Amino acid sequence: MADDIVYVNIEDGTKRVMNNIKLYIKLLIKFKDDPNMCGIEAALAEGDMEKAQIAAHTVKGLTANLSLTELYKQCLELESQIKARSLNPDQLGIVKGVYSKTIEEIEKVVASHA
């Protein structure tokens, strides 16, 4: 069910920064400005699989460190497909949709801690 999807795991994310919620919020805000999501799409459009894989790997790492659970899962799958040179045409769209929802959830978290 969609209700079971975790976009931002605040509890786990704050543990990763020694329970410093202000730092966690700051990192979430910084994530919103990271250019690598756009980099994945641009590299794929150019057919540059190596650049796309690097950008996907970067986003995967950021999402793991920030406990952006669903986006991490989808980026892991995207990176695997790119690495195998066997990209499911729907996977990028899935990642983009989850990214949008994750950004919405980040904005809610940031607003609730302002």
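Keep in mind that this is a model prediction, so the values were computed, not measured.
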A52 to A43 - nearest heavy-atom pair and separation: N-CB, 3.4 Å
NZ/K26: more than 12 non-hydrogen atoms of other groups inside 6.0 Å: no
Interatomic distance, N20 atom CG to L27 atom CG [nearest 0.5 angstrom]: 9.0 Å
Atom of A55, atom of N36 and distance for their closest heavy-atom approach: CB-O, 3.7 Å
Minimal non-hydrogen separation, T102 against V8, with atom names: O-CG2, 4.2 Å
By salt bridge (Lys or Arg N to Asp or Glu O under 4.0 Å) - contacts of D12 (at least two apart): R16
Y7/V98 under side-chain contact (heavy atoms from CB on, under 4.5 Å): CA gap, chis, key distance, verdict: CA-CA 8 Å; Y7 293 97; V98 171; 4.1 Å; yes
Criterion side-chain contact (heavy atoms from CB on, under 4.5 Å) on F31 and T63, from CA distance to verdict: CA-CA 9 Å; F31 174 77; T63 58; 4.0 Å; yes
Hphob cluster co-occupancy, V17 + L68, side-chain heavy atoms under 4.5 angstrom: yes
Sequence-distant partners of K108, salt bridge (Lys or Arg N to Asp or Glu O under 4.0 Å), two or more places apart: E105
Joint hydrophobic cluster, L78 plus M49, side-chain heavy atoms closer than 4.5 Å: yes
Pairs meeting criterion side chain to side chain donor-acceptor pair (under 3.5 Å) with involvement of residues 39-56, two or more places apart: E41-K96
Salt bridge (Lys or Arg N to Asp or Glu O under 4.0 Å) involving K15 - partner list, sequence neighbours excluded: E11
Cluster check V110, L62: I/L/V/M/F/W/Y, side chain < 4.5 angstrom: yes
Distance in Å, E107 CD paired with L28 CG, rounded so as to fall on 0.5 Å steps: 11.0 Å
L66/I106 under side-chain contact (heavy atoms from CB on, under 4.5 Å): CA gap, chis, key distance, verdict: CA-CA 11 Å; L66 293 172; I106 287 172; over 6 Å; no
Separation between OG of S112 and CD1 of I21, rounded to the nearest 0.5 Å: 8.0 Å
same_hphob_cluster(I103, L92) at 4.5 Å side-chain heavy-atom cutoff: yes
Smallest separation among heavy atoms of T69 and V6, with atom names: CB-O, 3.3 Å
Listed partners of K60 passing side chain to side chain contact (heavy atoms under 4.5 Å, CB included), at least two apart: H57, Y72, C75, L76, E79
Test: E70 and K101 ion pair at under 4.0 Å: no
Shared hydrophobic cluster, V95 / L87 (ILVMFWY, side-chain heavy atoms < 4.5 Å): yes
Pairwise distance NE2(H113) to OG1(T14) - rounded to 0.5 angstrom: 8.0 Å
Shortest non-hydrogen separation from Y24 to I10 and the atoms involved: CE2-CA, 4.1 Å
Side chain to side chain donor-acceptor pair (under 3.5 Å) partners of residues 82-93, not counting sequence neighbours, each pair once: Q74-Q91
